[in-house]
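Counting convention: from 1, in listed order, for ligands and their atoms alike. Just so it is clear, the structure is predicted and the values come from calculations on it, not from any experiment.
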Amino acid sequence: MRKIQNIGTKISLSSIGRSGKKQSRKTILVAGGAGFLGSHLCKRLLDEGHTVICADNFQTGRSANVLELTTNSSFSVIRHDVIKPLKLAGPLDEIYNLACAASPPKYQQDPIHTMQTCVNGTLNLLNMARDKGARFFQASTSEVYGDPVVHPQSEGYFGNVNPYGPRSCYDEGKRAAEALCHDFAERYDVTVKVARIFNTYGPQMLADDGRVVSNFIVQALRGEPITIYGSGSQTRSFCYVDDLVDGIVKLIRSDGSVTTPVNLGNPVEFTIRQLAELVIEQTGTGSHLKMCTLPVDDPKQRRPDISKAKQTLNWEPSIMLAEGVRRTTAYFASQLQAEPQAISESA
Ligand SMILES: NC(=O)c1ccc[n+]([C@@H]2O[C@H](COP(=O)([O-])OP(=O)(O)OC[C@H]3O[C@@H](n4cnc5c(N)ncnc54)[C@H](O)[C@@H]3O)[C@@H](O)[C@H]2O)c1
């Protein structure tokens, strides 16, 4: 595997972006850029012609996710844990904070570090945004709504979160991070944009990630039982990664009228059983469903109200679940062919 390299940043005046429009070339830091969402975001920003620095501790990120990007001289990778301050020379236009393991089994492996990542990591990156005059994007989460008693969830809902449980390191950490974002915007006039991201899936998720879409697809491809936690009647809404990345970029570039968190996710709701049936149909697997006990504090319903994103960003998802699952299945199938171990060793 090609070595991850640290390359200096370069700035030039302008470039042609995806839209074909000329736009100013930015220097951008993506913390957590080697992860699932971060690597798609880095690619999108490079495609727009920007200089991108990815900082990641590789806890759940993989060099394979960004390997192709390292052939672009405008891309560099720094191995760094955001719980410590990061020193970077030169100007920065945008900072995206995606650093934090998102899957429950992963963030629960070291819950204290997860809390530090959410709080100290966000604080360090906000300080950097203030010092460099950079715009700041915070990847918050639908988990700030906990096990919601209001459905669907709009941004005005304060949530129903357990502050003392196995998910608290993440849920409360992300809530604290939002509070820090608020205070940096108020105190230091940092341009801060917070997205509450709902369940997103797609290529480059880890095979052993523990999130439901990758779990089901990998189990189906391996011909193993598809594990459903609870009755399978709990619902989730699933957003394909390309839609989500589009929303993130629109949000950070939004005007001064967008000052509070915005839900980003797909409002179409499916039961977990429906998702399993779709995966079985698409993969043609002989796998059967295996019912397991629901984990502690697992939310029973989740669906974003995305009216605010529609109105303020002119954003809504366009990729249907069937199409997204097809693309994600193709990705995991190719991984299985290339590296059978990578998939067969998954939990
Ligand atoms: N994917 C989703 O459905 C979803 C939903 C809600 C919120 N989010 C948020 O989006 C962000 C990205 O999620 P993802 O799905 O890509 O998860 P991921 O686990 O694939 O990516 C997280 C990345 O952050 C890195 N990281 C973790 N702790 C770090 C630290 N202390 N210092 C530096 N790097 C660190 C990991 O190595 C990884 O590359 C996370 O902040 C997550 O909370 C994701």
(message) So L29 and K132, do their side chains get closer than 4.5 Å, heavy atoms only?
(response) no

(message) When you compare ligand 1 with Q59, is there at least one nitrogen or oxygen pair between them that comes in under 3.5 angstrom?
(response) yes

(message) For a quick check under 3.5 Å, do D81 and H113 share a side-chain donor-acceptor pair by atom type?
(response) yes

(request) For ligand 1, find out whether one of its N or O atoms is nearer than 3.5 Å to an N or O atom of A99. (result) no

(message) Give me the nearest non-hydrogen protein atom to atom 13 (O) of ligand 1 as residue plus atom name, then the distance to 0.1 Å.
(response) A102 CB, 3.7 Å

(message) If you define the side chain from C-beta out and look only at heavy atoms, does anything of L41 sit under 4.5 Å from L37?
(response) no

(request) Starting from atom 21 (O) of ligand 1, locate the nearest protein heavy atom and write down its residue, its atom name and how far away it is, to 0.1 Å. (result) G35 CA, 3.5 Å

(message) Counting non-hydrogen protein atoms only, what is the nearest one to atom 35 (C) of ligand 1? Give residue, atom name and distance.
(response) N57 OD1, 3.0 Å

(request) For the residue pair Y201 and L321, establish whether any side-chain heavy-atom pair is separated by less than 4.5 Å. (result) yes

(message) side chain to side chain contact (heavy atoms under 4.5 Å, CB included) for S76 and I53? Distances and angles first, verdict last.
(response) CA-CA 5 Å; S76 56; I53 306 160; 3.7 Å; yes

(request) May I ask which of V82, T200, I197 has a heavy atom nearer to atom 3 (O) of ligand 1 than the others do? (result) T200

(message) Can you report which non-hydrogen protein atom sits closest to atom 11 (C) of ligand 1, along with the distance?
(response) L98 O, 3.3 Å

(request) Take T283 and T285 through the side-chain hydrogen bond (donor to acceptor under 3.5 Å, both in side chains) test and state the conclusion after the steps. (result) CA-CA 5 Å; T283 54; T285 182; 4.8 Å; no

(request) Classify the contact between K174 and ligand 1 as side chain, backbone, both or neither, using a heavy-atom distance cut-off of under 4.0 Å. (result) side chain

(message) Would you say that E178 contacts P261 through its side chain, given a criterion of any heavy-atom pair below 4.5 Å between the two side chains?
(response) yes

(message) Taking a cutoff of less than 4.0 Å between a non-hydrogen atom of the residue and any ligand atom, is Y170 in contact with ligand 1?
(response) yes

(message) Yes or no: does R62 have any heavy atom under 4.0 Å from an atom of ligand 1?
(response) no

(message) I need the atoms of ligand 1 closer than 4.0 Å to a non-hydrogen atom of H80, numbered in the order shown.
(response) 32 (N), 33 (C)

(request) Using a 4.0 Å heavy-atom cut-off, say whether S140 meets ligand 1 through its side chain, its backbone, both or neither. (result) backbone

(request) For ligand 1, indicate whether the residue Q116 contacts it via side chain, backbone, both or neither (heavy-atom separation under 4.0 Å). (result) neither

(message) Looking at non-hydrogen atoms alone, which of F238, F36, Y96, F58 comes nearest to atom 20 (O) of ligand 1?
(response) F36

(request) Heavy-atom contacts with G61 under 4.0 Å: which atoms of ligand 1 show up? List them by number with element. (result) 36 (C), 37 (O), 38 (C), 39 (O)

(message) Any nitrogen or oxygen of D56 lying under 3.5 Å from a nitrogen or oxygen in ligand 1? Just yes or no.
(response) yes

(message) With nothing but distance in play, are any N or O atoms of I83 less than 3.5 Å from an N or O of ligand 1?
(response) no

(request) Would you check whether D81 has a nitrogen or oxygen atom less than 3.5 angstrom from a nitrogen or oxygen atom of ligand 1? (result) yes

(request) Compute the shortest N/O to N/O distance between A101 and ligand 1 and return yes if it is under 3.5 Å, no if not. (result) no

(request) Would you mind telling me if ligand 1 is within reach of the side chain of H113, the backbone, both or neither, using heavy atoms under 4.0 Å? (result) side chain

(request) Kindly confirm or rule out an N or O of C100 lying under 3.5 angstrom from an N or O of ligand 1. (result) yes

(message) For a 4.5 angstrom cut-off between non-hydrogen side-chain atoms, does R236 reach L275?
(response) no

(message) Between ligand 1 and A34, can you find any atom pair, the residue atom being a heavy atom, that is separated by under 4.0 Å?
(response) yes

(message) We want to know whether Y145 and N263 form a side-chain donor-acceptor pair, criterion being a heavy-atom distance below 3.5 angstrom.
(response) yes

(request) Measure the shortest side-chain to side-chain distance between V82 and T117 over non-hydrogen atoms and say whether it is less than 4.5 angstrom. (result) yes

(message) Within the 4.5 Å heavy-atom criterion, are Y240 and E323 side-chain neighbours or not?
(response) no

(message) If we check salt bridge (Lys or Arg N to Asp or Glu O under 4.0 Å) with D242, which of these qualifies: K43, R44, R327?
(response) R327

(request) Would you mind listing which atoms of ligand 1 come within a distance below 4.0 Å of any non-hydrogen atom of N199? (result) 3 (O)

(request) Would you indicate whether the side-chain heavy atoms of F198 and C239 approach each other to under 4.5 Å? (result) no

(message) Surrounding NE2 of H151 (heavy atoms of other residues, nucleotides or ligands, distance under 6.0 Å), is the total greater than 12?
(response) yes

(message) Between the side chains of K308 and E155, is the shortest nitrogen-to-carboxylate-oxygen separation below 4.0 Å, so that they form an ion pair?
(response) no

(request) Select the closest option to atom 19 (O) of ligand 1 among T60, N65, L41, judged by heavy-atom distance. (result) T60

(request) Among all protein heavy atoms, pick out the one at the shortest distance from atom 15 (O) of ligand 1; state its residue, atom name and that distance to 0.1 Å. (result) R211 NH1, 2.8 Å

(request) Among all protein heavy atoms, pick the one closest to atom 44 (C) of ligand 1 and tell me residue, atom and distance. (result) L37 CD1, 3.7 Å

